[in-house]
Amino acid sequence: MQPRYIEFIHDVLITLHQNIRELKERRGFADPEELTHIEGKLLAYQEVLAILQSSADEFHIPREESGL
């Protein structure tokens, strides 16, 4: 795989992990209305991450190597 594609994938994964971490932090001080929105976004991000992990497993791509 070309280095720029690897960098692209790593960038996407870093962004997903950052967004999940940020939302988990915001959850602690969110009002009830915002909490529903945060929980929905968290579920969506975690689902995307789970899909990527599952796909990596199917293609025998080590999770640690890919940032998953």
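- For the atom pair CG of Leu52 and CG of Leu16, the computed distance is 6.5 Å after rounding to the nearest 0.5 Å.
- One distance of note links OH of Tyr5 with NE2 of His10; it measures 15.5 Å at 0.5 Å rounding.
- Two different hydrophobic clusters hold Ile14 and Phe8 under the rule that ILVMFWY side chains link at heavy-atom gaps under 4.5 Å.
- Atoms CG and CZ, from Asn19 and Arg26 in turn, are 10.0 Å apart once rounded to the nearest 0.5 Å.
- Once rounded to the nearest 0.5 Å, the distance linking CG of Leu23 with CD of Glu25 reads 9.5 Å.
- To the nearest 0.5 Å, atom CD of residue Glu22 and atom CD1 of residue Ile38 are 9.5 Å apart.
- Within 6.0 Å of the NE2 atom in His17, the count of heavy atoms belonging to other residues, nucleotides or ligands exceeds 12.
- Partners of Ile20 under the side chain to side chain contact (heavy atoms under 4.5 Å, CB included) rule, at least two apart in sequence or in another chain, are Lys24, Leu42, Tyr45, Gln46, Leu49.
- Formation of a donor-acceptor pair under 3.5 Å by the Ser55 side chain with backbone atoms of Ile51 is not found in this model.
- Applying the salt bridge (Lys or Arg N to Asp or Glu O under 4.0 Å) test to every pair with at least one member in residues 36-60, sequence neighbours left out, gives these pairs: Arg27-Glu39, Asp57-Arg63.
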